[in-house]
Amino acid sequence: MLRMSNLFLRTLREDPADAEVASHRLMVRAGMVRRAAPGGFTWLPLGWIVFRNVERIVREEMDAAGCQEVHFPALLPKEPYEATGRWTEYGPNLFRLVDRRGNDFLLAPTHEEMFTLVVKDLFSSYRDLPLSIYQIQTKYRDEARPRAGLLRGREFVMKDSYSFDVDSEGLDRSYAMHRAAYITTFDRLGLPYVIVSAMSGAMGGSDSEEFLAPLDAGEDTFVRCSSCDYAANTEAVTTETPSAADPAAAPAAKVVDTPDTPTIDTLVDHLNSAAELARDDRPWAASDTLKNIVVRLDHPDGTSEALAIGVPGDREVDLRRVEAQVAPAEVHPFGEADFAAYPSLVKGYIGPGALGTERSSGIRFLVDPRITVGSRWVTGADQPGRHVVDLTLGRDFTPDGTIEAAEVLDGDPCPRCGAQLEIARGIEIGHIFKLGTKYAEALGLKVLDADGQQVTVTMGSYGIGVSRAVAAIAEATCDDDGLCWPREVAPADVHLVIAGKEGGPQRAAAEELGSRLEASGVRVLIDDREGVSPGVRFKDAELIGVPTIIVAGRGVPDGLFEVKDRRSGERVDVPADQVVDHVRTVIAAG
RNA sequence: CGGGGUGUAGCGCAGCUUGGUUAGCGCGCCACGUUCGGGACGUGGAGGCCGGAGGUUCGAAUCCUCUCACCCCGACCA
């Protein structure tokens, strides 16, 4: 029985000044965590119980899915990460350190290399596969800006597992197995989630899905369909391609003077105010313009390349989306020095006339999928102060291809069913993806197949942020009064409040009930502090968020306890001899 | 890395503009008494290098310079 009279606990009446998001604020107030370093937290007894419950559930579900637990050091030598290039690729986010001999080490941000190597050490036959192994480990990332308490720290606990298969069919099975295990895990954790398509990005690989808890405190944006079950990370959203039209049907393209039109808005105003420029069917809109942005791609091999991107003028280019398409290259804005290298680019008036590998600049030119054959555009004429009107794709210009680069807007059509998409924020609590052979290739993980041939093992990678999940659960379940833990992760099943007058019969009755509850397997937290007023006890109980609160109060002389549901606030008086059964029924009901 | 903000008791804050006794308030903590179903009350206490360094001044929490730290927005981010 947890006793508040001797728990290492101090609840705070006021919000800590450095806590913004609810989970952080309330977990500090409830005495569960304390900030110890930027991005680093100390777990106190009640919080640590919650943490271990979450960890236990994750472990149980991984084990049930047939994964085996291992444990690597967090402190690792540089060499494996050099072999895969991540020692440099990971950049400043990697915590690096040097030992007394001057050798480089790192605090692992994730363990792909070590898992790959340990399998290489021990296994060499297809008959050993498939294999899925995992660990629950503290990870380190030197985040530029830790924030939101436990949600984004520099030290955090993550469950990461890896699957090893001989072929892609095997990988598909391992992936599906993990996906199913994650669904049961998050269901048990009482955490709402959506599964969104994601980009595997710099990690390489193909299929990738994220489990997002749809909460405003999250920093990932995703879209979901208001009608069907389509959901995707913003980077991975695809745009429907409008049907093509006959390019010959468009009015002839003409170059016009457009003085003082540095922005899309001023350009549209200019077009609509000049009678001779009027459109045949309706006023000009920003979406009639074609905005061409040039960026510089820096490839991992050190080379650079210019890339031109055309999007409808009513949208910005979303550099994160671009980066996801061109990974592992990095995207940088085009600077003065870059422009100097391409004299045919007229800043502010860049148009398809100069863009494309066959045109004067020689810059590869990719356009948004909405820019289809036969569509007509107002765009830069590659001369200062001039634009070209009715430039038509397929007749007047031909880009090198399409790219998903335009920002996604609330209300855009769903690529699956056409209904409106809505943009929401979420906390990434899990990520599963098919790594493929990237790491096995780099580190030489091969096995002999049935024909005696060496084949490179194909891998999957699957993560759950354990400490982040604790915060996400707090965030998803709390209310104005405090935390409100789902049963399985709560620090106790019941919070027993002694509310009677000091010296009255309540204390003895509560102690006796507590013993009986505990004897029947119920986890009890009892507020047996002396000299604490009832108001404080009630507030603390609500703040801490144990799912069932039992009050030993004025009903005790009549043999009654009040049983209250933390979430709904419903309360019912229960005779002393029925409380244990009542509570067990409540627990069994979930 | 860019922008904004804050550092004063364990926590939350005032004081700083306009320098001047012993640096204040609320919460929490300790003691005694009262109270006891919604963050009770009284009395008496303990607790501060006013983030750090340098400077101006007879005198600095307060003015100046430098510096460090933390928080928020953005950039970045398995």
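Residue numbering restarts at 1 for every chain, and letters A, B, ... go by the order of the sequence lines.
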Is the closest side-chain donor-acceptor distance between Ser161(A) and Ser132(A) under 3.5 Å? no
Considering only A78(B), C71(B), G37(B), which nucleotide approaches the side chain of Arg554(A) most closely? G37(B)
When rounded to the nearest Å, what value does the distance between P atoms of G52(B) and A60(B) take? 15 Å
If the C1' atom of U56(B) is compared with that of C63(B), how far apart are they to the nearest Å? 8 Å
To the nearest 0.5 Å, what is the distance between CD on Glu511(A) and CG on Leu496(A)? 8.0 Å
With a cut-off of less than 4.0 Å, is there a side-chain N or O of Arg537(A) near OP1 or OP2 of G38(B)? no
Leu151(A) atom CG is separated from C72(B) atom P, nearest whole Å, by 11 Å
Closest-nucleotide mapping onto RNA chain B: is Met158(A) or Thr11(A) further toward the 5' terminus? I mean the 5' end. Thr11(A)
With the side chain of Ala499(A) defined as its heavy atoms from C-beta on, choose the nearest nucleotide among A78(B), G37(B), A40(B). G37(B)
Give one of base, sugar-phosphate or nothing for Ala148(A), where a contact means two heavy atoms less than 4.0 Å apart. sugar-phosphate
Which one is paired to G39(B), where only Watson-Crick or G-U wobble pairs with both distances under 3.5 angstrom count? none
Using the side-chain heavy atoms of Leu12(A), tell me which of these nucleotides is nearest: C71(B), G39(B), C11(B). C11(B)
Please state the C1' separation for the pair C72(B) and C30(B) - nearest whole angstrom. 38 Å
Where the side chain of Glu14(A) is defined as all heavy atoms beyond and including C-beta, which of G38(B), A78(B), G26(B) is the nearest nucleotide? G26(B)
For C1(B), give the paired nucleotide (Watson-Crick: N1-N3 plus N6-O4 or O6-N4; G-U: N1-O2 and O6-N3; both under 3.5 Å), or none. G74(B)
Within the pair Lys501(A) and C36(B), is there a side-chain N or O less than 4.0 Å away from OP1 or OP2? yes
Could you give the CG-to-P distance, from Leu26(A) to C11(B), as a whole number of Å? 19 Å
CG of Asp528(A) versus C1' of C36(B): gap in Å, rounded? 16 Å
Starting the side chain at C-beta, find the nucleotide from G12(B), A78(B), G38(B) nearest to Arg468(A). A78(B)
Could you tell me if His178(A) and Ser163(A) have a donor-acceptor pair between their side chains, going purely by distance under 3.5 Å? no
If the P atom of G48(B) is compared with that of G10(B), how far apart are they to the nearest Å? 8 Å
Reckon Asp15(A) touches a base, only the sugar-phosphate, or nothing at all at heavy-atom distances under 4.0 Å? sugar-phosphate
Contact under 4.0 Å: Ser533(A) side-chain N or O vs A40(B) OP1/OP2: yes
So that I can tick it off, tell me whether Arg566(A) and Asp479(A) are bridged by a salt bridge, with the cut-off set at under 4.0 angstrom between side-chain N and carboxylate O. yes
So do His495(A) and Met4(A) actually touch side chain to side chain, heavy atoms under 4.5 Å? yes
Please report the distance, rounded to the nearest Å, between CZ in Phe561(A) and P in G37(B). 16 Å
What interatomic distance, in whole Å, is found between C1' of U21(B) and the corresponding atom of C58(B)? 15 Å
Look through every strand shown and name the nucleotide pairing with C66(B) as Watson-Crick or G-U wobble, where both distances are under 3.5 Å. G52(B)
Taking atom C1' in both A61(B) and G24(B), compute the distance separating them and give it to the nearest angstrom. 12 Å
Interatomic distance where CG belongs to Asp18(A) and C1' belongs to G4(B) [whole Å]: 17 Å
For U18(B), the Watson-Crick or wobble counterpart (both distances under 3.5 Å): none
Side-chain donor or acceptor of Arg29(A) under 3.5 Å from a matching atom on the base of G28(B)? no
Measure from NZ or CZ of Arg96(A) to the centre of the six-membered ring of Trp87(A) and say whether it is under 6.0 Å with the direction within 45° of the ring axis. yes
By nearest-nucleotide position on RNA chain B, the 5'-leaning member of Gly463(A) and Leu543(A) is Leu543(A)
Of the candidates C71(B), G37(B), G39(B), the side chain of Pro38(A) sits closest to C71(B)
For Arg13(A) and G10(B), give me the distance from atom CZ to atom P, rounded to whole Å. 19 Å
What distance, rounded to whole Å, do you find between the two P atoms, one in U43(B) and one in G28(B)? 15 Å
So what does Val551(A) touch, heavy atoms closer than 4.0 Å: a base, only the sugar-phosphate, or nothing? base
Say we look at U62(B) and A53(B): how far apart would their P atoms be, to the nearest angstrom? 12 Å
Which nucleotide in the set G39(B), A78(B), A75(B) lies at the smallest distance from any side-chain heavy atom of Glu428(A)? A78(B)
Atom-pair distance (CD on Gln506(A); C1' on U35(B)), nearest Å: 15 Å
So how far is it from His111(A) NE2 to Tyr162(A) OH, rounded to the nearest 0.5 Å? 7.5 Å
Counting side-chain heavy atoms from CB outward, which of C71(B), A78(B), A75(B) is closest to Arg147(A)? A75(B)
Sugar-phosphate, base or nothing in reach of Arg571(A), heavy atoms under 4.0 Å: base
Please tell me which of the listed nucleotides, C13(B), C36(B), C71(B), lies nearest to the side chain of Pro534(A)? C36(B)
Are the aromatic ring centres of Tyr182(A) and Tyr462(A) under 6.0 angstrom apart? no
Rounded to whole Å, CZ of Phe8(A) lies from P of C29(B) at a distance of 15 Å
